[in-house]
Amino acid sequence: MRTGDPVVSILSWLSQLPLLDRLELAALSGWSRSAVYRAVESLERERLVEPLAHASDLIAPTRRFTLTAAGLRRLAESEGISAERLLHERPVSEQARRRFLGRIDALAVLYRLCCTLADIAFPIQIRCYRAMPVDLCLRLADGRTIALVRLGRINERRSLARRLGRLRDGAAFAAVLLVAPDETRLRETARRLRSFPQPCFLALERDAAKTGPESLIWRAPSAEVALSLREALDLAGPHRLWPTERPPAHVSAPAVKSSGCEPTDWMLAARLGPSEKRCLDLIGDWPWLRLDHLTALLGVSRVRLRGLLRRAGERGLIVRAELAGRPRLALSDRGLAVLARRDRASVGELRKRWSAESIAHDAAFDWRNIKGTRSRQLLRHLDHTEAVHGFLTALAEQSRKNSLKLIQLDPPQRASRYFRYQDRLRSIQPDAFGVLRREGRDQPFFLEWERRAIRPSTMALRLAPYLRYYASRRPVEDHGGIPIVLVVFERGLAADHFRRVVREERQRTGLLVPICISDRNTVAEHGPLGDAWRSTDHPGPGLPLD
């Protein structure tokens with residue numbers, strides 16, 4: 001039986017981990033759920049804590065809590081220290097509150113993982129960090145420290161490498177637990193961590209948020225054997241270092257909650273619902289997306305989409321543009337900032353690449369007047385951009401009708417693969433990457449929508465990067481299986497020529513690349529999952545998904 005006052009205990013935990021909900025407070029503090037619920041109700045009545053509604057794809061709707069200025073003073077009195085000291089030593093200032101609210105989706109997943117760890121090694125201590133490469137650090141009852149790291153879905157290869165490099169060169173922990181947004185990112189991170197000087201264990205974010213300590217979801221970088229969280233902790237090292245950060249120079253007490261209806265930038269992540277967040281993620285992945293394409297990718301009705309876009313538009317998160325006779329969508333600078341804060345990415349770098357806003361607002365809206373370099377390139381080649389979007393839309397719709405599930409769909413910036421071949425760094429740069437699942441089996445694929453390769457020599461140049469990639473061991477390392485390369489040409493004649501080039505290059509090099517070839521009209525007639533494909537590697541006219 002716990003002794004002491006649950007009210008003080010809850011205030012203390014909220015001063016260390018803002019935005020905990022009541023179930024997380026019960027798991028971490030050790031108090032019963034009924035005691036926590038009563039204490040939180042009392043704190044709300046006295047206005048010592050402030051509630052906030054929250055939900056995401058991985059976290060069911062819940063109420064999270066932060067300390068008010070009055071709650072901060074009450075905690076300082078109970079601990080016998082000054083409120084000013086608490087503001088500098090713990091994340092209870094207004095500045096910290098805004099930072100945590102921007103990352104509320106990421107923190108919610110990490111908090112659930114902390115609760116799972118508490119089931120194994122209660123009691124635990126936890127610290128949050130602002131600038132270190134780790135998100136949280138836990139101290140177990142035996143003194144060992146465990147670092148928690150979440151990798152965001154918009155973090156690109158370069159930012160991921162920088163963060164892992166800082167983690168390698170920084171403080172040593174008994175173990176590092178990393179959660180990744182998808183299987184591809186998890187495998188890429190595992191490869192980078194094989195020579196890491198301390199034990200590391202990786203899991204998918206959705207598994208870490210929803211499973212218990214005995215679930216076999218964790219894996220070491222160099223092993224495919226699945227481990228439970230309990231087994232991973234048993235393999236952790238002896239390190240007991242408890243890293244510290246320099247306290248912030250400027251802090252202020254939590255501000256009074258605004259009575260206005262319009263949420264400020266740092267409140268947007270908390271105010272958005274799961275469907276709105278999925279909508280923003282898709283628009284962010286595929287700028288200049290048509291409304292009908294977005295409807296199909298989300299799998300919602302047009303009425304539902306209008307409601308989602310109305311709220312996003314009112315909050316200034318999207319840019320609407322009339323291009324080639326159709327309305328299209330991209331994220332505004334404000335929308336990009338919401339995603340960047342969630343995933344600990346640089347807002348400035350993200351806007352430099354993907355801003356869809358005009359350089360000169362009084363000038364005509366065309367690709368020359370767009371701020372973001374990559375967004376400008378996609379708009380410049382709008383026909384190609386729209387063709388890729390249309391293919392993926394048709395694939396999503398047909399998958400739902402054919403008992404398949406499109407579990408992953410990556411835009412070009414995440415579909416690229418970098419690898420070593422003959423002591424040189426090489427890459428493939430597809431237009432998209434995805435994973436189709438049928439009856440528990442996954443089939444990864446790359447998409448190349450080809451418009452310019454009309455001569456055999458040009459076709460051979462387009463094929464060469466894939467020959468090098470499949471000549472290495474990387475396809476299996478990256479995806480756990482062999483991905484199919486889907487190549488779509490504008491015209492059927494070019495597709496026939498490319499089949500001949502593939503056969504010739506196969507005879508010349510002896511390398512086998514699983515390529516399926518089609519053209520725009522045939523794909524439009526039969527659909528991406530129909531009898532639209534031809535290949536030299538399998539006899540049937542469709543995709544080899546079985």
Side-chain angles (χ1 to χ4, degrees), residues 157 180 182-192 194 204 219 221-226 391-392 395 399 402 404-412 414-422 426-450 459-460 462-488 495 498-499 501-518 523 528-546:
R157 174 177 173 268
D182 54 62
E183 186 72 28
T184 305
R185 193 69 58 88
L186 186 146
R187 287 179 174 274
E188 177 187 358
T189 306
R191 187 174 62 253
R192 294 176 179 272
R194 283 175 185 166
L204 292 176
R219 67 189 80 171
S222 57
E224 290 292 333
V225 178
F391 178 92
L392 299 175
L395 179 61
S399 297
N402 288 271
L404 275 78
K405 189 175 182 181
L406 192 57
I407 63 171
Q408 186 176 334
L409 195 58
D410 290 342
R414 296 203 301 270
S416 303
R417 303 288 181 264
Y418 293 82
F419 59 98
R420 289 279 172 184
Y421 183 79
Q422 295 181 348
R426 305 281 189 169
S427 69
I428 56 172
Q429 306 284 337
D431 294 310
F433 170 81
V435 180
L436 282 165
R437 174 170 293 173
R438 171 184 282 174
E439 298 176 353
R441 292 188 58 188
D442 292 348
Q443 177 58 64
F445 67 89
F446 295 107
L447 173 66
E448 287 280 359
W449 193 281
E450 190 55 68
M459 291 178 179
R462 293 285 193 272
L463 181 61
Y466 285 96
L467 290 172
R468 290 189 285 263
Y469 181 65
Y470 282 83
S472 68
R473 296 176 297 176
R474 285 292 299 278
V476 175
E477 289 184 5
D478 288 343
H479 311 105
I482 301 296
I484 301 172
V485 183
L486 307 180
V487 185
V488 184
F498 188 67
R499 288 183 66 201
V501 170
V502 171
R503 286 195 297 268
E504 292 172 353
E505 290 298 305
R506 178 178 177 179
Q507 292 173 357
R508 184 181 67 84
T509 63
L511 297 175
L512 175 63
V513 179
I515 294 182
C516 292
I517 306 163
S518 189
V523 169
L529 296 177
D531 295 338
W533 305 96
R534 299 294 183 271
S535 173
T536 59
D537 304 326
H538 66 94
L543 288 179
L545 296 176
D546 297 328

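Throughout, numbering of the chain's residues begins at 1 and tracks the sequence. Hydrogens, waters and symmetry mates play no part in the numbers below; they use all other heavy atoms, side chains included.
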- [ ] Would you please test Ile515 and Tyr466 for side chain to side chain contact (heavy atoms under 4.5 Å, CB included) and show each step?
- [x] CA-CA 10 Å; Ile515 294 182; Tyr466 285 96; 5.6 Å; no

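- Counting only heavy atoms from C-beta outward, the side chains of Phe391 and Asp431 never approach each other to under 4.5 Å.
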TODO: With salt bridge (Lys or Arg N to Asp or Glu O under 4.0 Å) as the test, would you mind laying out the steps for Glu450 and Arg462 before giving the verdict?
DONE: CA-CA 9 Å; Glu450 190 55 68; Arg462 293 285 193 272; 3.1 Å; yes

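- Atom CZ of Arg473 has 12 or fewer neighbouring heavy atoms from other residues, nucleotides or ligands inside a 6.0 Å radius.
- Between Leu436 and the options Asp442, Ile407, Asn402, Leu395, a side-chain contact (heavy atoms from CB on, under 4.5 Å) holds for only Leu395.
- Under the 6.0 Å distance and 45° angle rule, Arg417 does not count as a cation-pi partner of Tyr469.
- Arg441 places none of its side-chain heavy atoms less than 4.5 Å from the side chain of Arg438.
- Residues Val485 and Tyr470 have side chains in contact (heavy-atom distance under 4.5 Å, counting atoms from C-beta outward).
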Open item on the list: Evaluate Glu183 against Arg219 for salt bridge (Lys or Arg N to Asp or Glu O under 4.0 Å), listing each step before the verdict.
Closed with: CA-CA 12 Å; Glu183 186 72 28; Arg219 67 189 80 171; 2.8 Å; yes

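- Contact check for Glu188 versus Asp478: no side-chain heavy atoms found under the 4.5 Å cut-off.
- When all heavy atoms are compared, the tightest approach of Arg194 to Pro221 is NE-O, 3.7 Å.
- In this view, Arg468 satisfies the side chain to side chain donor-acceptor pair (under 3.5 Å) rule with no residue, not counting sequence neighbours.
- Ala460 approaches Glu505 most closely through the heavy-atom pair CB-OE2, 4.3 Å.
- Side-chain contact between Gln429 and Tyr418: present, with at least one pair of heavy atoms (C-beta onward) separated by less than 4.5 Å.
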Task: Check against side chain to side chain contact (heavy atoms under 4.5 Å, CB included), Val502 and Val487 - done: CA-CA 11 Å; Val502 171; Val487 185; over 6 Å; no

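- Residues Asp182 and Val435 fail the side-chain proximity criterion, which asks for heavy atoms closer than 4.5 Å.
- By the 30° and 60° cut-offs, the orientation of the rings of Phe433 relative to Phe446 is tilted.
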